[in-house]
Amino acid sequence: MIDELEKQIIWQNIKTSEDNRKVLNGTAKAIETVKIKLSKDGKLTEELVNCIVVNYKNIKVIIPAEEIGISKTDKKTLRNMIGSELKFIVIESDKLTNTAVASRKKAMELIQRIQLKKYEAGDKVYAKIISVYPKFINVECLGIDIKLKVEDLEYGYVENLSKLYQVGDKIKVVIKEINENDRILKISHKEIQEDPYKNVRKDYVENGEYLAKVTAYSDNRCVC
């Protein structure tokens, strides 16, 4: 149970986020289609919008898909973000209903402005996994969402990345390219690791015969 003092502190944080753009974070728990008030061409309208629901210390925080930074019809991406910890800035709140509407996009823009100037190519930082697919993962790093494919993550063939990575995990990466003005960030997790194939010529020789087990075929039909 949250006592009255804790509730006051939580709502102070909500109001500080709403008034002064303080970045908060909470765990994505669900997807809902919610009626949201929108301003279009100077007119206030209501529209049903796909949203991700974040639990911020027992306050229901609603983040519309477009405030995540994706298409409002992209439920697949929203679905894959469930369970991840998301940063956000509150747009409006209602203490009576214990709810708030927030923007992850605004939070990420603020983090980018603060963080990108601190680093340069070659630096090692951590990225947080926000969604996982068989052939790629999406990570948040220095306020930027980045899609990492198998070739950015692992040496050799990987059939399904979801067997190796989970939403919420942090992975160490090296910055390959960074541009504060254009907000460009390229990173690699693979280059943090030791290349298991660098000594292959020492271990195997041409025309040698070795005992092996076929574990899989890659997309280009190579035997693994």
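What's counted below: heavy atoms across the whole structure, side chains too, no hydrogens, waters or symmetry copies. Because the structure is predicted, anything quoted here is derived from the model rather than measured.
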Has Asp182 got a side-chain atom pairing as donor or acceptor with Ile184's backbone, closer than 3.5 angstrom? no
Can Asn138 and Ser131 be counted as having a side-chain donor-acceptor contact under 3.5 angstrom? yes
Any donor-acceptor pair under 3.5 Å from Asn25 side chain to Glu85 backbone: no
Pairing donors with acceptors under 3.5 angstrom, does anything connect the side chains of Asn80 and Thr77? no
Sidechain N-carboxylate O distance under 4.0 Å for Glu47, Lys35: no
Listed once per pair and sorted, the salt bridge (charged side-chain N to carboxylate O under 4.0 Å, His left out) pairs that draw on residues 87-110, sequence neighbours left out: Lys87-Glu140, Arg104-Glu140, Arg104-Asp145
For Ala121 and Ile178, which heavy atoms make the closest approach, and how far apart are they? N-CG2, 3.7 Å
Joint cluster assignment, Leu148 & Leu185, ILVMFWY side-chain distance < 4.5 Å: yes
Can a donor-acceptor pair be found, under 3.5 Å and without considering hydrogens, that links the side chain of Glu191 to the backbone of Leu153? no
Look at the side chain of His189 and the backbone N and O of Ile171, then say whether any donor-acceptor pair between them is shorter than 3.5 Å. no
Is there a chain of hydrophobic side chains (I, L, V, M, F, W, Y, each step under 4.5 Å between heavy atoms) that links Leu142 to Ile146? yes
Is it the case that atom CD in Glu151 sees more than 12 heavy atoms from other parts of the structure closer than 6.0 Å? yes
Lys22 and Asn13: side-chain donor and acceptor closer than 3.5 Å? yes
Determine whether Trp11 and Ile59 make a side-chain contact, defined as any pair of heavy atoms from C-beta on separated by less than 4.5 Å. yes
Might you point out which heavy atoms bring Cys141 and Ile187 nearest each other, and give the distance in Å? CB-CD1, 4.2 Å
Side chains of Ser188 and Asp152, donor plus acceptor under 3.5 Å: no
